[in-house]
Amino acid sequence: MTQSPVTPKVLRYRDAATYLGISHGRLRNLVSEGRGPASVTYGKRDRAFPIAALDAFIDQRTTGYQPVRPEPIAVKRRPGRPRKTEQRNQKQMAHWTAVMMALFMTYLLWAYGFLGLATGFMTN
């Protein structure tokens with residue numbers, strides 16, 4: 001009697017990774033991220049991959065499949081301390097505002113003649 005060789009319908013992690021041409025750690029990462037091939041479990045820790053699911057996974061990857069990337073989560077943060085460049089710009093703005101106000105006041109005094117009166121009273 002000759003026995004016919006049994007071909008498995010499912011492969012364990014290491015055999016499935018070899019079948020896909022990747023390391024078994026990479027296969028575990030893909031499965032934990034939810035991007036790996038479909039699998040079957042026989043208990044808490046026993047996981048096997050049907051050969052048909054591995055073939056479908058390969059076909060899915062070779063036909064230009066682009067995984068959907070999740071949108072980044074918007075984190076609400078309190079406003080932080082202003083950067084040094086912002087502080088420097090604010091100081092420069094305050095300085096030039098003071099200079100412009102002094103020039104404007106001088107112009108007003110000159111325009112209304114108060115500057116001439118003020119200097120005239122001091123010379124008498």
Side-chain angles (χ1 to χ4, degrees):
M1 274 199 220
T2 51
Q3 291 183 347
S4 64
V6 177
T7 56
K9 290 191 176 197
V10 293
L11 298 175
R12 300 284 182 197
Y13 262 108
R14 289 197 186 269
D15 296 330
T18 304
Y19 186 82
L20 293 174
I22 58 176
S23 68
H24 76 281
R26 175 70 179 141
L27 180 59
R28 285 189 189 274
N29 288 342
L30 286 171
V31 170
S32 70
E33 292 171 0
R35 300 184 320 157
S39 60
V40 226
T41 58
Y42 298 112
K44 270 189 171 179
R45 297 182 184 198
D46 292 334
R47 184 178 298 263
F49 301 91
I51 294 178
L54 296 174
D55 290 334
F57 180 74
I58 292 171
D59 291 339
Q60 187 181 33
R61 292 294 172 141
T62 55
T63 57
Y65 168 75
Q66 294 294 327
V68 177
R69 296 183 187 253
E71 293 184 20
I73 300 170
V75 178
K76 292 185 177 181
R77 294 185 180 171
R78 296 186 335 202
R81 182 178 76 181
R83 297 179 185 225
K84 289 183 179 180
T85 55
E86 293 172 1
Q87 289 175 347
R88 185 172 53 234
N89 290 343
Q90 288 174 355
K91 286 180 184 177
Q92 288 176 348
M93 183 64 90
H95 169 74
W96 286 111
T97 303
V99 168
M100 293 304 293
M101 288 297 294
L103 287 174
F104 182 68
M105 293 301 291
T106 306
Y107 170 74
L108 285 178
L109 289 173
W110 174 78
Y112 289 107
F114 294 121
L115 188 60
L117 291 174
T119 55
F121 286 124
M122 289 185 184
T123 56
N124 288 342

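- Between A38 and A53, the shortest heavy-atom distance links the atoms O-CB, 3.7 Å.
- In terms of heavy atoms, T106 sits closest to A102 at OG1-O, 2.8 Å.
- Distance CZ/F57 to CZ/F49: 9.5 Å, rounded to 0.5 Å.
- Atom CH2 of W96 sits about 9.0 Å away from atom CG of L103, to the nearest 0.5 Å.
- Distance OH/Y13 to OG1/T18: 14.0 Å, rounded to 0.5 Å.
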Check the pair L20 / R26 against side chain to side chain contact (heavy atoms under 4.5 Å, CB included), numbers first and verdict last.
CA-CA 11 Å; L20 293 174; R26 175 70 179 141; over 6 Å; no

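- Scanning both residues, A48 and P50, for their nearest heavy atoms gives O-CD, 3.8 Å.
- Rounded to the nearest 0.5 Å, atoms CZ (R12) and NE2 (H24) are 14.5 Å apart.
- Side-chain heavy atoms closer than 4.5 Å link hydrophobic residues (I, L, V, M, F, W, Y) into clusters, and following such links, even through other members, never connects V31 to V40.
- Residue R14 qualifies as open at atom CZ: its count of foreign heavy atoms under 6.0 Å is 12 or below.
- In this structure, CG on L27 lies 8.0 Å from CG on L54, to the nearest 0.5 angstrom.
- Residues V10 and L30 do not share a hydrophobic cluster, clusters being chains of Ile/Leu/Val/Met/Phe/Trp/Tyr side chains in contact below 4.5 Å.
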